[in-house]
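Structure first, commentary second.
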Amino acid sequence: MKKINLAVVGATGMVGRTFLEVLEEHSLPIENFYVMASKRSAGKTITFKGKPYVIEELSENSFDKPIDIALFSAGGGISEKFAPIAASKGVTVIDNSSQWRMDPDVPLIIPEVNPEDIKLVKKGIIANPNCSTIQALVAIKPLYDRYGIKRIVYSTYQAASGAGRAGWDDLEDGLKGLPNKKFPHPLANNCLPHIDTFLDNGFTKEEMKMIWETRKILHDENLMVTATTVRVPVFNSHSESINAELKKPFEINELRDILKNAPGIVVQDSPGENIYPMAINATGHDEVFVGRIRRDESVESGVNLWVVADNIRKGAATNTVQIAELVAKAL
């Protein structure tokens, strides 16, 4: 793998800062490194791999210099404007916003699930999936490949950090008795069945993202998927209950072994010893943790899974860096 010139756009945000942490832990060979953010942060210095870097203000000229890959985490509006500019100058953009996810000419990639879709890049842009979709499909894909899947029911329990710094602060303030600012109702000591905006069909946009993205990533538009997404009073790491109806019969021990041997998964499944995935343990890790693996006896070939992952790392920054590694290998 040759050395690359890498830029991080949105370097001062919650995910942007985690980009830097993950990049320091991974072996991506970087020759020249650039950090970009809004005018408010321009001129400040951050440290990366022991060296100081001055944050530059993102502008239409930011990509005039030789840059191979740019990691974007600055919101949909910024990505809509600047990702095409960067791509037009030969940069491969990996975008963490929702702006490009459903564009038919932009692949939506989870390296453990569909790394081959790196070949489908047409616009010079790759989209990072929604955090809740990423961890779900890391767990689902091995079963999809082995047994096929008729239907998936997602029920998510999503952390405050999924709404960024403002979400984290809302929970923190609420636990102190202060009023909510980010969420429509207090999150402390509460659960909100409301993530993103409500659509005409009664689903939230977050729920529809999981449905749309699952079909796109698996290249299966006929797959039946439904979702209910809930914000819970946890600071970090999303938890999900996944019910899948498989096309073929299965033995539960074989299914458990398939998950144990799948990339990116750690099985924690010994309920008799109170061992199962928990948000408090997943935080700070890159793996997807799977447990409570059990047969759904209400249908012929159903299975229930409990899936937990750090939504800022695997659900955003780590997945983006893993995609960058795929791109770098192809350069």
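In this text the structure is predicted, and so the values were computed from the model without any measurement.
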Salt bridge or not for Glu300 and Lys150, using N-O below 4.0 Å?
no

Please report the shortest heavy-atom distance between Pro179 and Asp170, naming the atom on each side.
O-OD1, 4.4 Å

In this structure, is the centre-to-centre distance between the rings of Phe72 and Phe82 below 6.0 Å?
no

Does NZ or CZ of Arg256 fall inside the cone over Phe250's six-membered ring, less than 6.0 Å from its centre and within 45° of the axis?
no

Here's a test for you: under side-chain hydrogen bond (donor to acceptor under 3.5 Å, both in side chains), which of Thr229, Thr133, Asp196 qualifies with Lys209?
Asp196

In chain order, what residues pass the side-chain contact (heavy atoms from CB on, under 4.5 Å) check against Arg294, with sequence neighbours excluded?
Arg292, Asn304

All heavy atoms of Lys89 vs all of Asn61, minimum pair found to be NZ-CA, 4.4 Å

Under 3.5 Å: donor-acceptor pair, side chain of Lys216, backbone of Pro104
no

Fit a plane to each ring of Tyr157 and Trp306, take the angle between them on a 0 to 90° scale, and name the class: parallel (under 30°), tilted (30 to 60°) or perpendicular (over 60°).
tilted

Answer yes or no: is there a donor N or O on one side and an acceptor on the other, between the side chain of Ser62 and the main chain of Ser59, under 3.5 Å?
yes

Can you check whether Phe235's main-chain N or O pairs, donor with acceptor, with Ser161's side chain at less than 3.5 Å?
yes

Do any N or O atoms from the side chain of Glu245 and from the backbone of Val299 form a donor-acceptor pair under 3.5 angstrom?
no

Is there a donor-acceptor pair closer than 3.5 Å between any side-chain N or O of Thr45 and the backbone N or O of Pro52?
no

So, does Ser41 use its side chain to make a donor-acceptor pair with the main chain of Ser38 at under 3.5 Å?
no

Measure from the side-chain N and O atoms of Asn5 to the backbone N and O of Asp68, and report whether any donor-acceptor pair falls under 3.5 Å.
no

Angle between ring planes, Phe289 versus His285, binned at 30° and 60°: parallel, tilted or perpendicular?
perpendicular

Pair Arg231 + Glu206: basic N to acidic O under 4.0 Å:
no

Taking Val106 as the fixed residue, which of Lys123, Arg101, Lys122, Gln99 is the one that meets the side chain to side chain contact (heavy atoms under 4.5 Å, CB included) rule?
Lys123

Glu240 side chain to Tyr154 backbone, donor-acceptor under 3.5 Å:
no

